[in-house]
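Below: one structure, written as structure tokens.
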Amino acid sequence: MRKFKLFIDFDKEEQWLEEMASKGYQLDSTNFGYKFRLAEPKAKKIKIDFRKFRHSTDFWDYITLFEDSGWRHLAGSKYSGIQYFEKVDDRAIDDIFSDNDSKAKRYKRYAHSSLILAISNFPLLICLYFTGIIDPVYLIRPRELYLTPGLWDKSGTSFWFSFIFETPFALFRGAAWTFIPLSILSYLFFSYKANKRYIQSMIKK
Amino acid sequence: MDINKYSPLTETTYYILLSLIEPSHGYVMMQKVEQLSDHKVKIAAGTMYGAIENLVKHRLIKSVQSDDKRRKTYVITEKGIEVLKQDYKRMSHMIHITDNLFSKTDK
């Protein structure tokens, strides 16, 4: 089963995943949404860390440290950032963080990583602007996005039929690029939110 | 080499540095810290990983070659030992003067 959900609060995400586990849905991967497989319903401890790795050896060292201490790596990859762990050893400590600072710092890493993503998308936006794919003229005269000859001279059913027919194409021509500024904006939003949460959790000692 | 900026060390950092007098990997460090501290300081995996990363960045510890392919092994650096000694002296002084004062005033 696949589910799509968006969290900004790691604690809430952990709670939701624990709830899913108690209903018998075991987290399998997070490459595209949350992928669950059916398992025996069980009360579980699931915790989230945020880390990206340059080298595979670092990633393995990281996962091995958690596994040595009784936490199995459930999902997440070298570059994905969000890493999911499940407690498998009863003797292990109940959390993957033993102090407030290190727990809060995952938000700081998340904020930093989102900001980098936002910044690295920016040159793409500039490129698209200079290659003429982004043309603000269409925002002022959206009519120019419609290519059907004589569309605007038609009237009645004939007009509406052609207009409605072409609208999806026009939107695609004029608005496909908005995907990039939108993702920049959402990365900035995530970065802002995560940073705010970082500051809040540092104060909440 | 400015070692004063690390003083005073947190209890956790002090024990981690102490656990690396002999080369060890992360999990062994966690166990050593627990033993050394009389089971009072327990460091969780995520916290330990961040602490190692931070200490490597400040060159108080360094990674060394080992046969273990999956686990990185670390050892304290000379700078790390200096920092540890400095903090040891600071605490010794506090213990010494506290002892003296307590015995004088019979507290």
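For clarity, every value in this text was computed on a predicted model and none was experimentally measured. Worth knowing before you read on, the calculation uses all heavy atoms, side chains too, and leaves out hydrogens, waters and symmetry mates.
The stretch residues 49-58 of chain A places A:R51, A:F53, A:D58 near chain B, each with some heavy atom under 4.5 Å from a heavy atom of that chain. Heavy-atom proximity under 4.5 angstrom to chain B picks out A:S69 from residues 69-90 of chain A. Contact residues of residues 30-40 of chain B toward chain A are B:M30 (heavy-atom distance under 4.5 Å).
The minimum heavy-atom distance between B:I16 and B:M29, with the atom names listed, is CG2-CE, 3.6 Å. Here the shortest heavy-atom pairing between A:S201 and A:Y107 reads OG-CD1, 4.1 Å. A:P123 approaches A:S120 most closely through the heavy-atom pair CD-O, 3.4 Å.
Ring planes of A:W160 and A:F163: perpendicular class, angle over 60° (limits at 30 and 60°).
In terms of heavy-atom pairs under 4.5 angstrom with chain A, the leader among B:H25, B:E53, B:K69 is B:E53. Your options are B:A44, B:A51, B:G26, and the one with the most heavy-atom pairs under 4.5 Å with chain A is B:A44.
For a residue to count as touching a neighbouring chain, one of its non-hydrogen atoms must lie under 4.5 Å from one of that chain's; by this rule A:D99 touches chain B with backbone and side chain alike. Contacts of A:L65 with chain B are made by both backbone and side-chain atoms, with heavy-atom separations under 4.5 Å.
Remark: side-chain polar atoms of B:E11 are not paired, donor with acceptor, to backbone N or O of B:V41 under 3.5 angstrom.
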May I have the list of side-chain donor-acceptor pairs in residues 30-40 of chain A shorter than 3.5 Å, sequence neighbours left out?
residue, atom, partner, partner atom, Å
A:Y34, OH, A:E13, OE2, 2.7
A:R37, NE, A:D28, OD1, 3.1

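The closest side-chain donor-acceptor pair between A:K44 and A:S22, if any, does not fall under 3.5 angstrom. Using modelled atom types and a 3.5 Å distance limit, the side chains of B:R70 and A:T64 yield a donor-acceptor pair. Between the side chains of B:T13 and B:T10, at least one donor N or O lies within less than 3.5 Å of an accepting N or O. A:S114 and A:S191 share no donor-acceptor pair across their side chains, judged by distance under 3.5 Å alone.
When ring centroids are compared, A:F10 and A:Y110 come within the 6.0 Å threshold.
Considering only heavy atoms from C-beta on, B:Y6 comes within 4.5 Å of B:L9 through its side chain. Inter-residue side-chain proximity for B:E22 and B:I76 is flagged as unmet; no heavy-atom pair is nearer than 4.5 Å. Within the 4.5 Å cutoff, the side chain of A:D9 has heavy atoms near those of the A:R197 side chain.
Atom CZ of A:F159 sits in a crowded spot, with more than 12 heavy atoms from other residues, nucleotides or ligands closer than 6.0 Å.
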